[in-house]
There are 2 protein chains.
Amino acid sequence: MTAAAGSPGAPQELDLDEQIAAYQREFPEVDPQVEKVVTALGRLNRRMNVAYGRQLVDLGISNSEWEVLKALVVVGRPYRLGPGDLAKRLGLTPAAMTHRIDRMVAEGLVTRDRDEANRVRVIVELTDEGREKWLQTMRLAAAFEDELLQDLTPVERAALGEILTRLLRRVESSQPDAGGRLEDLD
Amino acid sequence: MTAAAGSPGAPQELDLDEQIAAYQREFPEVDPQVEKVVTALGRLNRRMNVAYGRQLVDLGISNSEWEVLKALVVVGRPYRLGPGDLAKRLGLTPAAMTHRIDRMVAEGLVTRDRDEANRVRVIVELTDEGREKWLQTMRLAAAFEDELLQDLTPVERAALGEILTRLLRRVESSQPDAGGRLEDLD
DNA sequence: ACAAGAAACTTTATCTCTGAAGTCTTCAGG
DNA sequence: CCTGAAGACTTCAGAGATAAAGTTTCTTGT
């Protein structure tokens, strides 16, 4: 196993500090402190989604379906929203919502009915089974999150929450949802 | 425009605190402080990706392509990596990398050649044009990031960086890349 | 009333990613 | 030297997303 030219043995993923160092080397104007925060945020998020994804597999639903469940639960009883509204909240096109709902109806997580008061509209409603699934995901997610933050002191947690909230307010105000959908990931 | 049954006028997206309140209502066991941190993290990330995405459109490349450029630049000169290695770093299947590289070669951002020392391997190398693109994206990204963090005092920035790093270390150690690819988004 | 116009979903075509199968190269024995 | 096994990439079929066009159902001006 000589590994002649290409790359040696274990190139996997760079350590955070190494990556910051690389950025400084390739783009000296960068502020390392800023870059560190931003990079850590991105990586953290990715890892968290991996963790959620694994738990969801165990429960037999996909990340996409989880998003829909969350949106419906958050609006509260009677857990109803239209496809267009859901699409907007999840940052998808209405077309994608149509298909997602198709699948979720087939699995019994939600129902889809025409709104008889205004037949242009459609109402997607969480079923008891869907709500139960959400509760299960919530229990797992909360356990993971508690573990993730266990190293932080209460003071640190509060500070972190406050700072993140402030950052969020800044982006949300400079990006007033204007365009409509929130593109990209989640 | 009376809006009879369904939903009133502007359901768009819930405010952060409202969403936390909704979680507490629907799942009382949840720790609001934890949930606030986690939710803010997720939203922040989404917004940042939206912002990056817009800048990338202006520069005429996609988010996917940007990821590849970043990976190549981070390894340093001569900016070379194999498709499999790239796939691992970006959390994609090798198949997806093949297609991505196809596109990027066609656009002149990278080259793809067989490694003559070990003809099983393929070498993807950044072109000057690709490097230039990366520099442009970096300038825009850095400007956005500086603006995002402008409200924070130097002390806060340092604290934020330190805390996030700590969290990241925790997840990365409990998720040792083991399975191989890092599923999901980015 | 009636026709033009707007709204809210759905359908269709195309693109990108995943998972599995396939191809080509290198290495280790016999 | 030849054969089997392993490794690295590519190809192929299927799932899910986007964009644009299409349907159906209100709404509004005359």
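Below, read A as the first sequence line, B as the second, and so on, with proteins coming before strands; counting in each chain starts at 1. Every heavy atom of this structure was used, including side-chain atoms; hydrogens, water molecules and symmetry mates were not.
- Ring-plane geometry between A/Tyr52 and A/Phe144 is classed as perpendicular, the angle between the planes exceeding 60 degrees on a 0 to 90 degree scale with a lower cut at 30.
- Rounded to a whole Å, the CD1 atom of B/Ile101 is 12 Å from the P atom of D/dT11.
- Of the candidate nucleotides C/dC17, C/dT10, D/dC9, C/dC17 has the atom nearest to the side chain of B/Arg100.
- Atom CE in B/Met104 sits about 13 Å away from atom P in C/dT16, given to the nearest Å.
- Looking at heavy-atom distances under 4.0 Å, B/Arg103 makes contact with sugar-phosphate atoms alone, never a base.
- Distances were taken from every side-chain heavy atom of B/Arg112 (C-beta onward) to each of D/dT10, D/dA17, D/dC26; the shortest belongs to D/dT10.
- Using a distance-only test at 3.5 Å, with no hydrogens or angles considered, a donor-acceptor pair links the side chain of B/Gln55 to the main chain of B/Leu140.
- Annotation: of the two residues near DNA chain D, A/Arg114 and A/Ala96, the 5′-most nearest-nucleotide partner is A/Ala96.
- If you take CG of A/Asn63 and P of C/dC17, they are 17 Å apart, rounded to a whole angstrom.
- Taking a cutoff of 4.0 Å between a charged side-chain nitrogen and a carboxylate oxygen, A/Asp58 and A/Arg54 do not qualify as a salt bridge.
- Distance alone, capped at 3.5 Å, is enough to place a donor-acceptor pair between the B/Ser174 side chain and the B/Val171 backbone.
- Separating the CG atom of B/Asn118 from the P atom of C/dT25 is a distance of 11 Å, rounded to the nearest angstrom.
- Across C/dT18, C/dT11, C/dT10, the shortest atom-to-atom separation from the side chain of B/Leu92 is found for C/dT18.
- Residue B/Arg121 places its side chain closer to D/dA8 than to any other of D/dA8, D/dT25, C/dC9.
- Set against C/dC17, C/dT26, D/dT11, the side chain of B/Ser64 has C/dC17 as its closest nucleotide.
- C/dC9 atom P lies 10 Å from atom CE of A/Met97, rounded to whole Å.
- Here the side chain of B/Val120 is nearest to one of D/dC26, D/dA20, D/dG7, namely D/dG7.
- Rounding to whole angstrom units, CD of residue A/Glu116 and P of D/dT25 are separated by 11 Å.
- Checking D/dT10, D/dA19, D/dT11 against every side-chain atom of B/His99, the shortest atom distance belongs to D/dT11.
- Atom P of nucleotide C/dT16 and atom CH2 of B/Trp66 are separated by 19 Å, given to the nearest angstrom.
- Remark: P of C/dT18 and CG of B/Leu90 are 10 Å apart, rounded to the nearest angstrom.
- For B/Thr98, counting side-chain heavy atoms from C-beta on, the closest listed nucleotide (D/dT10, C/dC17, D/dA20) is D/dT10.
- In this structure, A/Ile163 and B/Ile163 have side chains that are not in contact, with every pair of non-hydrogen atoms separated by 4.5 Å or more.
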